Structures are given as structure tokens and as C-alpha cells.
There are 2 protein chains.
Amino acid sequence: MKSIPKISETEWEVMKVLWTASPLAAGEIIARLTAQDEAWHPKTAKTLLSRLVKKKALGFEKDGRAYLYHPLVKEADCVKAASDSFLDRVFGGSLTPMLAHFVERKKMSSEQIRELKRLLDRKE
Amino acid sequence: MKSIPKISETEWEVMKVLWTASPLAAGEIIARLTAQDEAWHPKTAKTLLSRLVKKKALGFEKDGRAYLYHPLVKEADCVKAASDSFLDRVFGGSLTPMLAHFVERKKMSSEQIRELKRLLDRKE
DNA sequence: ATGAATCGATTACGCCCGTAATCGAATGAG
DNA sequence: CTCATTCGATTACGGGCGTAATCGATTCAT
């Protein structure tokens with residue numbers, strides 16, 4: 001039973017970069033973060049990298065003086081953990097009301113609707 | 001545009017009690033919390049009530065020496081805020097992959113499946 | 001080779017959170 | 001009346017988080 005370390009809001013942004021491509025050096029990670037959101041300060045990103053290493057969400061190998069970081073936890077596992085936690089917390093663990101919440105108030109293209117129905121059909 | 005105060009994990013439990021029934025005195029709130037989960041310490045619950053008042057998630061009226069607490073934010077608004085935040089954070093705001101995630105890996109009764117399909121039909 | 005730039009490590013700091021204990025006022029029991 | 005109980009308010013405290021600056025070591029440019 002692997003226990004997923006708790007990954008905070010901003011840390012999650014960093015993880016997403018490394019789930020998309022890894023291993024990467026800090027500089028490259030920061031480049032990709034600022035590409036999406038101007039407001040990223042390099043020092044802040046470095047701090048988050050250190051914290052993620054400390055909590056064993058990231059590992060690294062040395063490449064000369066620099067580090068190449070890579071995920072130690074799988075995105076799918078983190079998504080599952082976050083999803084289950086959300087479902088419990090906000091909807092008391094009840095799946096259908098949660099799904100209904102989104103279906104009822106989010107716009108969906110008919111394409112998306114068909115897609116989802118197909119998934120439901122396959123479940124029965 | 002009402003800005004929903006940020007409600008933490010344990011604070012959410014307290015809010016749920018008051019969304020279910022209000023106004024309630026602290027003692028009654030604590031009784032309902034411990035009814036669901038033995039581990040609630042009264043002092044802790046009091047602290048949370050104070051914090052929720054301070055952040056304007058709860059209001060109260062005095063009933064003699066005691067307070068009767070009631071929500072100042074609607075459950076629906078908090079659920080919406082938490083849901084949107086979850087969707088953005090974990091699924092980058094993409095609805096269908098999020099719905100697919102749950103539909104694909106949670107058990108659903110055929111009743112639940114039909115229910116959800118019905119909602120989808122009504123959307124088209 | 002010497003100063004500037006860069007790297008990760010360490011330190012900083014204020015706020016939130018979970019978890020309570022303490023305090024002063026008021027009330028209830030006897 | 002007086003003491004114990006109970007109320008909300010205040011204080012506590014260690015850890016996480018967002019945000020970053022500083023430090024010591026190394027490397028790069030000139």
C-alpha cells in the first residue's frame with residue numbers, strides 16, 4: 001500500500017510539468033512553469049522542488065552540478081487520491097450526486113455527452 | 001460576486017452540521033459531530049466555530065449566554081467553489097476526463113447508471 | 001585567474017490548520 | 001451564598017504552505 005505524499009496546490013503545478021516530461025533540470029522546469037504562468041518566481045520553484053524531494057514525491061540524479069528531477073509518484077495515483085478525497089469531503093462519498101452536480105451545471109458539447117454515455121453503456 | 005471564505009477540511013464537517021439544521025447551539029453541534037465520529041473533542045469544535053465566525057462563514061445570535069450559530073454561506077455555493085477548484089487543480093479544468101475518471105473506476109449500480117444517462121439525455 | 005552568474009541548501013516569515021488548554025464571566029446546584 | 005460547571009474568548013504550539021532571500025560552492029566568461 002503505497003502512501004501518496006500530500007501534494008499542495010502549487011506543488012501540484014510542478015508535478016504536472018514532470019509528469020508531462022522527465023527527467024528535467026530545474027531550469028527547464030522553471031521555464032515551463034513561467035511559460036504557462038508569468039508569475040512564477042524561480043526561487044519559489046526551487047523551494048517547491050526541494051520540498052517535493054523531501055516528501056519523496058520527486059527524486060533526482062546529479063548531472064554535474066545540476067539535478068535532473070523525476071517523479072517518484074505516479075500521476076494516476078495522485079489523481080485517484082485527490083479525487084477520492086474530494087468525493088468524500090464535499091459529497092460525503094456519494095458518487096451519483098457528485099456526477100450530477102457537474103453534469104447539471106457545466107456546459108457539455110453533444111460530443112462530450114455522447115462520449116460519456118458510451119462509457120456508461122460499457123459499464124452495464 | 002460573493003467571495004466564499006476558504007473552509008478547511010475539519011471546518012467543513014462543522015458547516016455540514018449547520019447546513020443540515022440551523023440555528024444550533026454549540027453543545028448541540030458538538031453532540032451531532034461526536035455522534036458521527038467519536039473522536040471530536042469539544043474544545044476543538046469550539047475553536048472551529050470561532051474561526052468560522054471570524055472568517056464569516058458562520059453568524060450567530062445570542063440566546064442568553066450561549067450562541068446559536070447559523071451559516072452565512074450557502075452549501076451550494078461552497079460545493080460549487082470546491083468542485084470548480086478540484087476540477088481545475090486535478091484535471092486542468094477539463095470536465096469530460098474528470099467524469100470519465102470516476103465513471104471508469106467507481107462501482108455504479110444500474111440504477112445509478114440509468115439516472116445519470118437520464119440527466120445526460122435531458123441536456124441534449 | 002578573478003569576478004559574475006548559477007546551483008542546490010539553508011533560513012526566513014507570516015498565515016493557516018489541527019489540536020487543545022487556559023481564562024474570566026456567568027449560571028446552576030445545593 | 002458559594003462552589004463547580006459551562007460559555008465564549010484568548011492563547012498555545014508544532015507543522016504545512018506560499019513566497020522568497022541568503023549562503024557557500026562551483027563554473028563560466030573574459
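On a predicted model such as this, the values are computed, not experimentally measured, just so you know. Letters A, B, ... mirror the listed sequences (proteins, then strands); counts begin at 1.
- Taking the six-membered ring where tryptophan is involved, the planes of A/Phe86 and A/Phe102 are tilted, since the angle between them lies from 30° to 60°.
- At the phosphate of D/dG18, neither OP1 nor OP2 sits under 4.0 Å from any side-chain N or O atom of A/Thr44.
- You'll find that the side chain of B/Arg51 is closest to C/dC17, out of C/dG8, C/dC17, D/dT19.
- Protein atom CD of B/Glu13 is 15 Å distant from nucleotide atom C1' of C/dC17, rounded to whole Å.
- Side-chain nitrogen and oxygen atoms of A/Ser8 include at least one within less than 4.0 Å of the OP1 or OP2 phosphate oxygen of D/dG18.
- Following rounding to the nearest Å, B/Lys46 (NZ) and C/dC23 (C1') show an atom-to-atom distance of 13 Å.
- For the pair B/Leu58 CG and D/dA9 P, the interatomic distance rounds to 12 Å; values are reported in whole Å.
- The listed nucleotides are C/dG8, D/dG8, C/dC17; the one nearest the side chain of B/Ala66 is D/dG8.
- Among the heavy atoms of the strands lying under 4.0 Å from A/Thr47 is at least one base atom, whether or not backbone atoms are also near.
- Two residues, A/Leu48 and B/Tyr67, neighbour DNA chain D, and the one matched to the more 5' nucleotide by heavy-atom proximity is B/Tyr67.
- Counted within 6.0 Å of NZ on B/Lys80, heavy atoms from surrounding residues, nucleotides or ligands total 12 or fewer; the atom is thus considered open.
- Between B/Glu9 and A/Phe60, the residue anchored closer to the 5' end of DNA chain C is A/Phe60, taking for each the nucleotide with the nearest heavy atom.
- A/Glu115 pairs with exactly one of A/Arg118, A/Lys117, A/Gln112 by the side-chain hydrogen bond (donor to acceptor under 3.5 Å, both in side chains) rule, that one being A/Arg118.
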Residues B/Glu11, B/Lys55; criterion salt bridge (charged side-chain N to carboxylate O under 4.0 Å, His left out); working and verdict: CA-CA 11 Å; B/Glu11 286 166 356; B/Lys55 61 173 75 168; 2.9 Å; yes
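- In this structure, A/His41 reaches the D/dA21 phosphate: one of its side-chain N or O atoms is under 4.0 Å from OP1 or OP2.
- The side chain of B/Lys55 contributes an N or O atom lying less than 4.0 Å from OP1 or OP2 of C/dC17.
- Distance from the side chain of A/Lys43 is smallest for D/dA21 among the nucleotides C/dT19, C/dT10, D/dA21.
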